Asker: 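Take a look at this one; I'll ask things after.
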Amino acid sequence: MNDKLIIFDTTLRDGEQSPGASMTKDEKVRIAKALEKMHVDVIEAGFPIASPGDFDAVKAVADAVKDSTVCGLARALDKDIDRAGEALKGANSGRIHTFIATSPIHMKMKLRMQPEDVLAQAVHAVTHARQYTDNVEFSPEDAGRSELDFLCRVLEAVIDAGATTVNIPDTVGYNVPQQFGNLIGQLIERIPNSDKAVFSVHCHNDLGLAVANSLSAVINGARQVECTINGLGERAGNAALEEIVMGVHTRKDVFSCNVSHIDKTQIVPASRLVAGITGFAVQPNKAIVGVNAFAHESGIHQDGVLKSRETYEIMRAEDVGWTTNRMVLGKHSGRNAFKSRLKELGISFDSEEELNETFMRFKDLADKKHEIYDDDLQALATATNLDAENESIKLVALKVCSETGETPNAEVTLKVDGEEKHAVHPGGGPVDAAFQAINSILQSNTVLQLYSVNNITTGTDSQGEVTVRLEKAGRIVNGQGADTDIVIASAKAYVNALNKIMAPEVRQHPQV
Ligand code: KIV
Ligand code: ZN
């Protein structure tokens, strides 16, 4: 039997529960489209009851995505389920995911409920969710620390009530592979109606075992894995989608299911998109998507790879979407060459206007930087997407003086709701001066939580890509900016973050 392994991505829900990894509605839609392009089966878009902003984001994803199932999370409460049902109305294919804790510690200390009442509430929730859709998932939260007999009773009852997927979460990342795999095998064997539902797993990475536990569960019969791009997620994160997919794909000899429907070449672009939007950089040695994942440093390895690639490589970098980052274009390249390279990279725009805008940015960049690489094009496309979000604050001009022995000074012009405003401010360094000048105009009362700079390509003429994370009254946003001048890139990122935090539709972070 070679079944399909259902890939359920929860980057937009559990991933967003990483402290600081908040996303706007538009950013969620952009990530959801990237996941759809990868042919991910189910996209968990958020927790609609959490806030009006969360509801809007799930609705926007449900309306935008056509080929993947869009899922909304709900506690086992009618009001949560009604909200999820409402948010998913526009989906081609929608799923309600409802959950209640089943471990002794959660039932006693958190829910303060008797096990029999938990069981009844779980059944009621699934029955209620079935009024909205016949695609209902149930999770016994903290299943990894629940009693086997009770878990069997709850799962049998919810399957009878109409749950089509039962998901076994190791909520606190406590399990180890053999034990967790064994748990899944036992559940499937002991629950009389287990053939009526797909068994799923959702593992957290507190002991660094999320992927190992998930794969062990797959060997024992699980046919859905819940995972996130780059392993983002609550605390130490969730199982990384790229590792699950490539593990099953690379070791076909071990798994009796497949991920042949997943377009693996979209893995690296999706990883970059998520890292850029959330400001959570990928560690260089991260499997599959780290910059060193396919780099061979030792002479013995290099020699082996040159003689026969398979000596040290079990996967091909290009199969997961690494491009050679070719020097593609220069100052004299025309619009057609530009357009066709964007197409090869899988970058598309909603309108011809956005393409023209990106081409103009490309020409500007080519004036400053002679060789334009694929990664530069990705950054230009991101900048156009950011602009398309109709920012009400725009950076018009920035001049910063920085001199040995002198206090740096920044002069900034912003356009705020169409009106130009100027300010001059000193600072501890050029970036600090620029930020203070901007803030003296906007009086944003925000707290800077993160400032990070990465070079997009190599060389001192590389564009710098800056991420800025701001917090205000419990709300957290991330801003991005890129430029060959890192002070300007920083100012762009700061303005981008301020636009988000000062916009009325900004969403509460789900943890608040
Ligand atoms: O970790 C967990 O238990 C969850 C559930 C809501 C599935 O995220
Ligand atoms: Zn979780």
Side-chain angles (χ1 to χ4, degrees), residues 6-19 21 41-50 54 58 69-77 80-81 83-84 87 95-107 109-111 118 121-122 125-126 129 135-146 150-151 154-155 158 163-175 180 183-184 187 197-211 213-214 217 222 224-241 244 278 280 509-511:
I6 298 168
I7 300 297
F8 176 116
D9 180 279
T10 183
T11 307
L12 304 180
R13 198 279 297 170
D14 215 321
E16 202 197 20
Q17 286 175 223
S18 307
D41 302 278
V42 187
I43 299 171
E44 188 165 53
F47 194 4
I49 192 84
D54 235 284
V58 176
T69 295
V70 179
C71 176
L73 184 69
R75 287 167 299 180
L77 299 172
D80 283 37
I81 293 165
R83 209 65 184 133
R95 173 183 294 187
I96 296 178
H97 175 190
T98 184
F99 71 99
I100 188 166
T102 51
S103 64
I105 184 168
H106 275 228
M107 290 190 290
M109 310 304 290
K110 185 181 83 170
L111 299 175
V118 167
Q121 193 166 322
V126 169
N135 192 343
V136 173
E137 172 170 328
F138 173 78
S139 289
E141 191 190 6
D142 203 18
R145 292 188 300 171
S146 299
F150 183 58
L151 207 49
V154 172
L155 294 177
V158 294
T164 42
T165 301
V166 286
N167 176 48
I168 315 304
D170 182 18
T171 304
V172 291
Y174 178 69
N175 283 241
F180 193 66
L183 169 67
I184 302 305
L187 290 173
V198 173
F199 275 69
S200 166
V201 288
H202 174 112
C203 298
H204 279 273
N205 206 29
D206 300 68
L207 292 173
L209 294 170
V211 170
N213 285 341
S214 305
Q224 173 178 286
V225 173
E226 301 199 352
C227 44
T228 57
I229 300 288
N230 300 339
L232 208 64
E234 181 93 39
R235 305 181 311 280
N238 289 63
L241 178 147
I244 298 289
T278 58
F280 276 59
H509 191 273
Q511 282 178 330

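Any value given below was found using the heavy atoms of this structure, including those in side chains, with hydrogens, waters and symmetry copies removed. Predicted model only: the values in this text are computed from it and were never measured. Remember, it's 1-based here, ligands and their atoms both numbered in the order they're listed.
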Asker: Is there a donor-acceptor contact under 3.5 Å from the side chain of Asn213 to the main chain of Asn175?
Answerer: yes

Asker: Is there a side chain to side chain contact (heavy atoms under 4.5 Å, CB included) between Thr165 and Arg95? Walk through the geometry before answering.
Answerer: CA-CA 10 Å; Thr165 301; Arg95 173 183 294 187; 3.6 Å; yes

Asker: Is there a side-chain contact between Val154 and Phe138 (heavy atoms, below 4.5 Å)?
Answerer: yes

Asker: Within a radius of less than 6.0 Å around CZ of Phe150, do more than 12 heavy atoms belonging to other residues, nucleotides or ligands occur?
Answerer: yes

Asker: Are any non-hydrogen side-chain atoms of Lys110 and Glu141 less than 4.5 angstrom apart?
Answerer: yes

Asker: Which residue holds the protein heavy atom closest to atom 4 (C) of ligand 1, what is that atom called, and what is the gap in Å?
Answerer: His202 NE2, 3.5 Å

Asker: So for ligand 1, is Ser139 a polar contact partner (N or O within less than 3.5 Å, distance only)?
Answerer: no

Asker: Regarding Asp142 and Thr171, is there a side-chain donor-to-acceptor distance under 3.5 Å anywhere?
Answerer: no

Asker: Can you name the N/O/S atom of His202 that is nearest the Zn ion (ligand 2)?
Answerer: NE2

Asker: Show the atoms of ligand 1 that are less than 4.0 angstrom away from any heavy atom in Asp14.
Answerer: 8 (O)

Asker: Say whether Glu226, considering both its backbone and side-chain N or O atoms, lies within less than 3.5 Å of an N or O atom on ligand 1.
Answerer: no

Asker: So, applying side-chain contact (heavy atoms from CB on, under 4.5 Å) with His204, which one of Asp14, Val172, Asp170 is it?
Answerer: Asp14

Asker: How is the N/O/S atom of His204 that comes nearest to the Zn ion (ligand 2) named?
Answerer: NE2

Asker: Which residue owns the protein heavy atom closest to atom 6 (C) of ligand 1, what's the atom, and how far is it?
Answerer: Arg13 NH2, 3.7 Å

Asker: Residue-level breakdown please: for His106 versus ligand 1, do any non-hydrogen atoms fall below 4.0 Å on the side chain, on the backbone, on both, or on neither?
Answerer: neither

Asker: Among protein heavy atoms, which sits nearest to atom 3 (O) of ligand 1, and what does the distance come to when rounded to 0.1 Å?
Answerer: Thr171 OG1, 2.6 Å

Asker: Restricting to non-hydrogen atoms, name the atom on Phe47 and the atom on Asp80 that form the minimum distance, rounded to 0.1 Å.
Answerer: CE1-OD2, 3.8 Å

Asker: Considering both backbone and side-chain atoms of Glu141, is one of its nitrogen or oxygen atoms within less than 3.5 Å of a nitrogen or oxygen in ligand 1?
Answerer: no

Asker: What do we get for His204 next to ligand 1 when only non-hydrogen atoms under 4.0 Å count, side chain, backbone, both or neither?
Answerer: side chain

Asker: Checking contacts here: is it the side chain or the backbone of His97 that comes within 4.0 Å of ligand 1, counting heavy atoms only? Could be both or neither.
Answerer: side chain

Asker: Got a salt bridge between Arg13 and Glu226, using NZ or NE/NH1/NH2 to carboxylate O under 4.0 Å?
Answerer: no

Asker: Check whether any N, O or S atom of Asp14, backbone or side chain, sits closer than 2.8 Å to the Zn ion (ligand 2).
Answerer: yes

